[in-house]
There are 2 protein chains.
Amino acid sequence: MLKYQHIADELEHYIEEHKLQQGDKLPVLQDLMVQFGVSKSTVTKALELLETKGVIFQVRGSGIFVRRHKRKGYISLLSTQGFKKVLEEFQITSKVIELDIRKPTKEAALNLNVSVDDDVYYVKRIRYIHGQSLCLEESYFNKSIITYLNNEIITESIFHYITEGLGLNVGFTDMFLHVDKLTEEEADYLGLKKGDPKLYVESIFHLTNGQPFDFSKVTYNYVQSQFFVQAVL
Amino acid sequence: MLKYQHIADELEHYIEEHKLQQGDKLPVLQDLMVQFGVSKSTVTKALELLETKGVIFQVRGSGIFVRRHKRKGYISLLSTQGFKKVLEEFQITSKVIELDIRKPTKEAALNLNVSVDDDVYYVKRIRYIHGQSLCLEESYFNKSIITYLNNEIITESIFHYITEGLGLNVGFTDMFLHVDKLTEEEADYLGLKKGDPKLYVESIFHLTNGQPFDFSKVTYNYVQSQFFVQAVL
DNA sequence: AAGTGGTCTAGACCACGAT
DNA sequence: TCGTGGTCTAGACCACTTA
């Protein structure tokens with residue numbers, strides 16, 4: 001475990017355990033250096049990480065403070081991939097509608113940077129939060145990277161399998177958001193009415209080496225759709 | 001100008017000017033150190049900045065590569081505050097509906113961390129993109145921080161005035177997103193129909209010292225609402 | 001003036017990828 | 001094996017806040 005990663009984790013746990021609130025002051029840099037027995041740069045690196053994650057903010061000449069919003073029930077758009085952490089916070093389940101190997105659509109091939117003759121895994125599922133329909137999800141996985149999938153895996157967390165099972169490193173994601181009206185098919189799946197609002201998100205997930213491996217099209221139930229984004233700068 | 005900031009700017013301009021595409025390779029660390037006459041750490045800091053901004057990605061043992069998505073016409077949810085940079089890219093205009101000094105609602109007072117007896121500036125305006133209605137915006141500004149506003153200022157960029165005119169430093173923002181149906185009033189302002197979809201975003205803007213100064217409630221026209229988010233890790 | 005975070009350096013050593 | 005980026009150090013100096 002990297003030192004700065006460890007320090008960041010410790011601090012985050014500390015904030016969580018002691019239920020610190022927005023504006024609460026953390027120990028000064030000097031103290032953290034001594035406490036963890038590392039150099040100033042390493043503490044700084046850990047703090048930069050937490051700042052980018054929206055956990056703290058630093059004020060020159062003043063100190064290090066906790067950043068916390070007060071609202072509950074919002075899903076972070078940035079919290080790692082998909083629902084990795086959300087799975088723990090909320091009760092999310094999945095129902096698989098389709099799973100097969102096929103040739104990608106032109107759109108999927110373009111976004112995955114493969115040929116329309118290459119194989120992809122196609123997954124269609126509905127996800128539920130606390131028993132309510134949360135979203136309808138269609139995913140295309142580059143089969144030369146995600147070499148195997150089955151019903152059990154995609155009923156659980158796909159990303160857990162990709163990182164732990166396949167040992168792949170997820171790097172970054174591009175997400176495109178639209179608001180529109182539900183089609184009849186989508187409304188049926190989500191238990192809503194045709195013409196109701198929807199949040200539609202297309203995501204392209206890349207490995208750390210830049211290869212796209214997952215192109216997903218997700219339609220969210222507007223009733224359950226509460227997202228938050230924390231921006232810095 | 002900070003060295004690492006300057007290097008980051010230069011690299012970003014370089015990518016822009018030479019129309020580099022996703023996956024194009026940039027000079028290696030060693031070369032950048034020599035080219036800019038700085039230490040390794042400084043180049044690294046610049047590259048981390050660009051990585052967080054979604055401009056590049058780095059692969060250990062391999063190199064530094066350009067990160068670029070192909071889609072046009074999307075507004076970044078994270079690109080600095082509001083529409084600072086978007087103003088240059090797109091043609092955005094504003095029509096002011098209301099501007100006055102008043103006592104905040106309980107909701108606004110809570111989010112701005114002021115008393116309901118304190119004064120706030122209230123701004124209501126419609127923003128247009130290429131002549132089409134983009135959003136209806138209601139903002140509350142803490143008057144003890146934003147000491148003066150007038151019609152001219154809020155017709156242009158409020159954030160430009162806050163940073164340049166008032167010399168304040170914007171630090172971070174919490175944004176909460178919902179999808180819902182338009183009310184009759186909102187539909188009228190945006191030129192849509194009651195019940196049409198909307199993206200509703202509440203934002204709380206903070207100074208670098210953590211003080212909230214702007215609480216905004218924005219309703220987006222779903223037809224114009226194309227957003228993107230670039231996530232790392 | 002004292003305290004606190006931010007920038008920058010020079011250099012050692014490590015981990016991963018290409019060949 | 002070699003090139004490349006990533007981590008970490010010890011320390012100098014700077015910029016801002018607080019009192």
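Each chain gets a letter, A, B and so on, in the order its sequence line appears, and its residues count up from 1. Side-chain atoms are counted along with the backbone in the values below, which use heavy atoms only and exclude waters and symmetry mates. Remember, predicted model here, so these are calculated numbers, not experimental data.
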Subject >> Nucleotide C/dT4, atom P - distance to CZ of A/F65 in whole Å >> reply: 11 Å
**OP:** Mind calculating the distance between CG (B/D31) and C1' (D/dG5) to the nearest angstrom?
**Re:** 13 Å
Original post:
How does protein contact run along nucleotides 5-12 of chain C, one letter per nucleotide 5' to 3', with B for base contact, S for sugar-phosphate only, - for none, heavy atoms under 4.0 Å?
Top reply: BBBSBB--
Subject >> Spacing between B/N169 atom CG and D/dA15 atom C1', to the nearest angstrom >> reply: 12 Å
Original post:
To the nearest 0.5 Å, how far apart are OG1 in A/T173 and CD1 in A/I204?
Top reply: 9.5 Å
Original post:
B/D214: what forms a side-chain contact (heavy atoms from CB on, under 4.5 Å) with it, not counting sequence neighbours?
Top reply: B/S139, B/F141, B/F159, B/F205, B/S216
**OP:** With sequence neighbours left out, write down each residue that passes ring-ring contact (aromatic ring centres under 6.0 Å, His included) with B/Y122, or none if nothing qualifies.
**Re:** B/Y140
Original post:
Is there side-chain contact between A/N150 and A/I153, with heavy atoms separated by less than 4.5 Å?
Top reply: yes
**OP:** Measure from CD1 on B/I56 to P on D/dG5 and round the result to the nearest Å.
**Re:** 10 Å
Subject >> A/Y14 side chain to A/E12 side chain, donor-acceptor N/O pair below 3.5 angstrom >> reply: no
Original post:
Short question: side chain of A/D24, backbone of A/Q21 - any donor-acceptor pair under 3.5 Å?
Top reply: yes
